Amino acid sequence: MVSNRNINVALIGNPNVGKTSVFNQLTGLNQQVGNYPGITVEKKMGFCKLPNNVKANILDLPGTYSLNASSIDENVVIELLLNKNDKLYPDVALVVTDVENLKRNLLLFTQIKDLEIPTILVINMADRMEYKGITLDIPYLEEHLKTKIALISSRKGFGIKELKKLIVTYKTISTEPCLNASSIDPEYFNTLRKTFPNQLLYKLWLVITQDVNFLNLDRNEIRSSFTKSHSDLKRLQQKETIKRYQFINDVLKAGMKIDETVAKDFRSKLDRVLTHKVWGYVIFFLILFVIFQSIFEWSKIPMDFIDSTFASLSTLAAEKLPAGVLTNLISQGIIPGIGGILIFIPQIAFLFMFISILEESGYMSRVVFLMDKIMRKFGLSGKSVVPLISGTACAIPAIMATRNIENWKERLITILVTPFTTCSARLPVYAIIIALVIPDTRVFGILNMQGMTLMLLYLLGFGMAILSAYILNKILKIKGKTYFVVEMPNYKLPLFKNVGINVIEKTKAFIFGAGKIILAISIVLWFLASYGPGEKFNNAEKIVVEKTKDKPLSKTEFENAVASQKLENSYIGLMGKTIEPAISPLGYDWKIGIAIISSFAAREVFVGTLATIYSVGGSDNEVTIKNKMAAEINPTTGEKIFNFASGISLLLFYAFAMQCASTLAITKKETNSWKWPAGQLIFMTGFAYVVALIAYQILK
Amino acid sequence: MDVQEILAFIALAIAVAFLVRKFLWKKKSKKNCGDDDCGCH
Amino acid sequence: MRTTIHSLKKGEKAIIKDFDIDTVPLKLLEMGCLPGNMVELLQIAPFGDPLYLNINNGSHVAIRVETAREIEVEIIKTNLW
């Protein structure tokens, strides 16, 4: 059969075997990441040109230890492999294994073979064979495992060409299972076979034991015909696992030889230090400190660059495009909106670069190991460390990173509390308020007050996250089984390519996930600020002329006055005035009210909104904004609006309030429910209000 | 309303529609992981 | 009191004997934690939990004490000379 379509190649394997590297080697940069419909698992697809003009779609499936799924990720694997009608159903499966863990990796291999798909065994990390004293009898293994073997090193780049040649020959690869797993309960399986003669036996078994959507047969139909209790099924699964391992042990006894005298062990030496009672933590916190320092330092220049570029673009648009509403929308709403999103890329990219390096090297598992017990006291998991740290860049990719937490309660709590950590968007708000109300002096000669305040805010964020986790743990009554089983992989030097591609993926997640929402809200906000009901808005110019007829203004002053009048009476201005009575006990006026409302799109919008409100002419000169804000007086009390009390109140409000529509959106997506993001919004913002209120009343 | 205004309001409409879909749309989902494990023993 | 993985001291090796299938996750079995296989306690986390094990000579995993307590083992006595 001559087929012009691309063949489907599925990459399957345990985590930490270098599957991603193989994927990257085969596809280069011809890859895209999407989502499987309906669930939050990433779908990684790529394209590869094989010899003989064969083109292949390569699908990188989530890493799994067996076809018995214990998470949504792993479910995806089975669902695809059971559904012949899925357009991604593989023509050939590449089971990627690691030569040092062959025994365990082969479990999955034997299961795939039972699905009668042509399967190639890819043995990766072949470069380490000598180091570990391992020798393999490839022909023997090929014969007994009924497959073709490709010995490769994705790290060193050898064996890939041979692998590609092998893939092309997929039609000649045996689809016979390599062992007879049904012998664990011959009676049961024979009955199954007789009742459903057209279905693959192993497929039936998987449908019965898993929660998969099987399109052709009704699962209940199968389940009801064969009454085996839940624990009986579990016992059978256990027997299946034992049988498979027996088979694998026998094959490897003859097919693989390990010379223990040659084997070197770097891992345990490093582990002894990195998981040490004292040194383990010291090293971890040192690493964290270095990471944060670097991120701050390195991000400054790119951020300034992006800032000034977009400011110029905005001015350029206003000048070059024909005057009108759309131009204004573009130069005042859209361009600053996009700039406001892109400016966080440096910080986010750097943080994910560091996290990716730590994960690739294998160190992250040790961190999880060190932190698990402490985290559990607060209802979190050791695996919550990565999301909590990621939250200091942006909560969106952080929340996505909770997907590997098996226990639902621990995962949920992590998702709910991560937004308390001080994300990058809060920094511009903190920066300007601190500059306004905290004296730039040194305490005890070395500690800078402004710097200290910032650090305190960071600690406050973490502290609040942990505290709420503790409370939520006590309040939420959710049952969940604990399966904490974390593999401690070998240490390895992170591959730049893998880290790079990972960073790009995470950054794109932020840009497109948060970006679209922020942009949409920026457009809406611009309209709310540029249009207003009634006389006071529409006749702004006439009103200003009336007001100042005794003291005529210069051209710029006049323009600013009109803009001010318009803003005050625009939709958003009216919204600000409406909430003013509610926020004045916190020390805020309607102008700050406007800024707070707009911040619900994204916190950093606060600064831009203030700039607009304080009617600074063309360029957004931060010094000038600060001066104007510092000079602003409350008409009723005659005092400064931005004083110490209101400043602290504002800082606390921004530290705790849920002001990020994008975070709410991702929480809704990941928890598949309305009530959690709604709860976050109400609780966090309510709490922020109360704390800010108390702070202001005490300090004023 | 001139061309610019029309286009601007179209942009607004798209933005609002997008936000409504993101936040208020009841997505048809097969699994509801509200209070418990997503059935993935 | 039975001897479980939790009873092991650092560096000790043992053979897995039995476990309660309702509390020990299938995933752990698939990692090689099966009756007859060897398990070695490599590291104990500060505070005593979790435990870092070498299962079936090659599978390096960390599990929590509450799971370790459910797996019965027979300690391999090393002959001192």
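Since this is a predicted model, take the numbers as computed values, not measurements. The sequence lines fix the lettering, A, B, ..., with proteins before strands; numbering per chain opens at 1. These numbers come from the heavy atoms of this one structure, side chains and all, not from hydrogens, waters or symmetry mates.
None of C/Ile71, C/Leu53, C/Leu34 except one satisfies the side-chain contact (heavy atoms from CB on, under 4.5 Å) rule with C/Leu28; the exception is C/Ile71.
For the options C/Ala62, C/Gly36, C/Gly48, C/Pro35, heavy-atom pairs under 4.5 Å to chain A are most numerous at C/Ala62. Per-residue counts of heavy-atom pairs under 4.5 Å with chain C were compared for A/Asn14, A/Asp271, A/Thr64; the largest is that of A/Asp271.
When only modelled atom types and interatomic distance are considered, A/Asn16 and A/Glu487 share a side-chain donor-acceptor pair under 3.5 Å.
When heavy atoms are compared at a cutoff of 4.5 Å, C/Ile55 does not approach chain A at all. Contacts of C/Ile63 with chain A are made by both backbone and side-chain atoms, with heavy-atom separations under 4.5 Å. The part of C/Leu26 that comes within reach of chain A is its side chain, from C-beta onward, which places non-hydrogen atoms under 4.5 angstrom from that chain. Looking at A/Arg267, only its side chain comes within 4.5 Å of chain C, counting heavy atoms on both sides. For chain A, the nearby parts of C/Asn56 are the backbone and the side chain; heavy atoms of each come within less than 4.5 Å.
In terms of modelled atom types and a separation under 3.5 Å, the side chain of C/Ser59 and the main chain of C/Met31 share a donor-acceptor contact.
Residues A/Met488 and A/Phe369 form a side-chain contact, since some pair of their non-hydrogen atoms from C-beta on lies under 4.5 Å apart. The side-chain heavy atoms of C/Glu74 and C/Thr3, taken from C-beta on, include no pair separated by under 4.5 Å. Looking at heavy atoms from C-beta onward, A/Leu121 lies out of side-chain contact with A/Leu141 at the 4.5 angstrom threshold.
Residue-level contacts of residues 239-250 of chain A with chain C, in order of numbering, are A/Thr241, A/Ile242, A/Tyr245; threshold 4.5 Å between heavy atoms. Of residues 97-111 of chain A, those residues lying under 4.5 Å from chain C by any heavy-atom pair are A/Asn101, A/Lys103, A/Arg104, A/Leu107.
Salt-bridge annotation for C/Arg64 and C/Glu70: absent, with no side-chain N of the basic residue lying under 4.0 Å from a carboxylate O of the acidic one.
The shortest heavy-atom contact between A/Gly379 and A/Ile413 is O-CD1, 3.7 Å. Contact record, A/Val77 with A/Pro62: CG2-O, 3.6 Å, taken as the closest heavy-atom pair.
Ring geometry for A/Tyr470 versus A/Phe378: interplanar angle over 60°, hence perpendicular rather than tilted (30 to 60°).
To the nearest 0.5 Å, the span separating CG on A/Leu380 from CZ on A/Arg411 amounts to 13.5 Å. In this structure, OH on A/Tyr281 lies 9.5 Å from OG1 on A/Thr275, to the nearest 0.5 angstrom.
Taking the ring axis of C/Phe47 as reference, the NZ or CZ atom of A/Arg376 does not stay both within 45° of it and closer than 6.0 Å to the ring centre.
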